[in-house]
Undergrad: 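Pasting a structure here, questions to come.
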Amino acid sequence: MKGDVRTHSASSSVFLFTSLKNKTKITKKIKPYTRKWETSVMQTVQELNLVYRDEENNSLVVSSVNDICDVFYNVPAVFFSTGGYTGNVYHEFNDGIIPLFITSHHFNKKVVFVIVEYHSWWIMKYGDIVSQLSDYPPVDFNGDKRTHCFKEAIVGLKIHDELTVESSLMLGNKTILDFRNVLDQAYWPRIHGLIQEEELKAANKTEDGFKKPILVILSRNGSREILNESLLVELAEEIGFIVHVLRPDKTTELAKIYRCLNSSDVMIGVHGAAMTHLLFLKPKTVFIQIIPIGTEWAAETYYGKPAKKMRLKYIGYKIKPKESSLYDEYGIDDPIIRDPKSFTQKGWDYTKKIYLERQNVKLDLKRFRKPLSRAYDFSMKRIGLVYISHKPDVTN
């Protein structure tokens, strides 16, 4: 929308006053959330009315629309909703934060975000990222009853693919790595000093002076839990890793998760929304996704492919039936074990109820040693190159 754009929260409307001829007289409606193809969740998203008015007949405009702007901006606005699946970290990034970057990056922070279904906790959680995309405080569309006026507005966000920024669709050919640079800029000031302290610790050094690779296990409770996690930690330490077990919950500060993963060399986790944190890994580090039975397609689509675009060393570990808790419950001959596709093809509800909500993992550590050793060797080679490239020249 370009021209004289005004908000009117009481009627869930955005008005455009314009003198352009042949403009549509019909009020348009939009739900400013990205998952347009998911009817069920879109039904929960607040709808906005986009209303055109002729500025030459301003006197005919209903009295509920103020002629005078309470707040005027010389920069564009981007309207979007933090409703829908907000509350799930995967959807918060995939449906919200990354599309916000895609839609607004070309404004170079000279843009105002107007948030429909505003949540103060969302601002607390993602404020560091939002401040890298806009120099202005966000507007609570429903809570702020003032008339906010703009010369231009984009209502809704653009989405490309799962955790993806498609360079061919971006000004300046931006990629997901450019989005990750935004994350660096958002969190680096807060964690820089802490990381420096950690890197000075002697515990991170081997006897020959090389840094040991750091492995982070993203731990789960309730479903898709690694039942022998303590033995996995022992195995990883035996191979040569320094191991951190990270158990994030809804109250965990995002900067702390970023700090932990940004300084790691390998991340391990069972398929699920928490794997979204692969965005916090540095390029050329290792991501091992443990893939429970019945989740192969989702694991590859939502996290495997994006990991490769992030230039991570991706290892997908598909568990064997005996590594699943469902094996003990149903046995090898049950179709749930023998033919998962016959159930997953019935729809997401079947996949969710059987393979996501009721399945835990007990790793065959002899089998898992192989990808873990690969990750160690890959990390040591990378760390060795970094160490050599930063080693001071003492020949002079």
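All heavy atoms count here, side chains included; hydrogens, waters and symmetry mates do not.
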Undergrad: Is a side-chain donor-acceptor pair under 3.5 Å present for Thr252 with Asp249?
TA: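 Judged by distance alone, the side chains do pair up.
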
Undergrad: Report yes if the side chains of Phe287 and Val266 come closer than 4.5 Å at any heavy-atom pair, otherwise no.
TA: no

Undergrad: Measure up the His148 and Phe150 rings against each other and bin them: parallel (under 30°), tilted (30 to 60°), perpendicular (over 60°).
TA: parallel

Undergrad: With no hydrogens and no angle check, just 3.5 Å: does a side-chain donor-acceptor pair link Ser219 and Glu229?
TA: yes

Undergrad: May I ask you to check whether Tyr376 and Phe241 place their ring centers less than 6.0 Å from one another?
TA: yes

Undergrad: Pairing donors with acceptors under 3.5 angstrom, does anything connect the side chains of Gln46 and Ser12?
TA: yes

Undergrad: Could you tell me whether Lys31 sits above the aromatic face of Tyr33, with NZ or CZ closer than 6.0 angstrom to the six-membered ring centre and within 45 degrees of the axis?
TA: no

Undergrad: How about Glu323 and Tyr317: does a side-chain donor come under 3.5 Å of a side-chain acceptor?
TA: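 Tyr317 and Glu323 do have a side-chain donor-acceptor pair below 3.5 Å.
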
Undergrad: Does atom NZ of Lys346 have more than 12 heavy-atom neighbours from other groups under 6.0 Å away?
TA: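 Yes, NZ of Lys346 has more than 12 neighbouring heavy atoms, counting only those of other groups under 6.0 Å.
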
Undergrad: Take atom NZ of Lys36 as the centre, draw a 6.0 Å sphere, and report whether it contains more than 12 heavy atoms from other residues, nucleotides or ligands.
TA: yes

Undergrad: Would you please name every residue forming a side-chain contact (heavy atoms from CB on, under 4.5 Å) with Val75, sequence neighbours left out?
TA: Tyr73, Lys110, Val112, Tyr136

Undergrad: Can you confirm whether Tyr118 is buried at OH, in the sense that more than 12 heavy atoms of other residues, nucleotides or ligands lie under 6.0 Å from that atom?
TA: yes

Undergrad: If you look at every heavy atom in Thr285 and Ser264, which pair is closest and at what distance?
TA: CG2-O, 3.7 Å

Undergrad: Can you establish whether the number of heavy atoms outside Lys370 located under 6.0 Å from its atom NZ is more than 12?
TA: no

Undergrad: Determine whether the side chains of Arg224 and Tyr355 contain a donor N or O and an acceptor N or O closer than 3.5 Å.
TA: no

Undergrad: If you draw the axis of the six-membered ring of Tyr314, does the NZ or CZ of Lys308 fall within 45° of it and under 6.0 Å from the ring centre?
TA: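 No, Lys308 does not lie over the aromatic ring of Tyr314.
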
Undergrad: Tell me whether the NZ or CZ atom of Arg6 lies within the 45° cone about the ring axis of Phe17 and under 6.0 Å from its centre.
TA: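 Flagged: Arg6 positioned over aromatic ring of Phe17.
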
Undergrad: Using a distance-only test with no angle check, is there a side-chain donor-acceptor pair under 3.5 angstrom linking Glu162 and Thr301?
TA: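 Distance-only check fails for Glu162 and Thr301.
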
Undergrad: Is the Phe107 to Phe113 ring centre distance short of 6.0 Å?
TA: no

Undergrad: Determine whether more than 12 heavy atoms belonging to other residues, nucleotides or ligands lie under 6.0 Å from atom CZ of Arg35.
TA: yes

Undergrad: Measure the shortest side-chain to side-chain distance between Leu254 and Tyr187 over non-hydrogen atoms and say whether it is less than 4.5 angstrom.
TA: yes

Undergrad: For His105, which of Val165, Asp178, Leu171 qualifies under side-chain contact (heavy atoms from CB on, under 4.5 Å)?
TA: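 The single option meeting the side-chain contact (heavy atoms from CB on, under 4.5 Å) with His105 is Leu171.
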
Undergrad: Salt bridge or not for Arg146 and Asp144, using N-O below 4.0 Å?
TA: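 Here Arg146 pairs with Asp144 in a salt bridge, since their nearest N and O are under 4.0 Å apart.
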
Undergrad: Looking only at side-chain N and O atoms, does Ser81 offer a donor or acceptor that is under 3.5 Å from a partner on Glu117?
TA: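 Looking only at side-chain atoms, Ser81 and Glu117 do form a donor-acceptor pair, the distance falling under 3.5 Å.
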
Undergrad: Do Lys362 and Asn228 have side-chain atoms, one donor and one acceptor, less than 3.5 Å apart?
TA: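 No, no side-chain donor-acceptor contact under 3.5 Å.
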
Undergrad: Looking at Gly316 and Ile291, what are the two nearest heavy atoms and their distance?
TA: CA-CD1, 4.0 Å

Undergrad: Are Arg338 and Asp334 within salt-bridge range, i.e. N to O under 4.0 Å?
TA: no

Undergrad: Hey, are Lys125 and Glu253 close enough for a salt bridge, meaning a charged N less than 4.0 Å from a carboxylate O?
TA: no

Undergrad: Just how far is it from atom CG of Asn94 to atom OG1 of Thr164, taken to the nearest 0.5 Å?
TA: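 Spacing of CG (Asn94) from OG1 (Thr164) equals 7.5 Å.
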
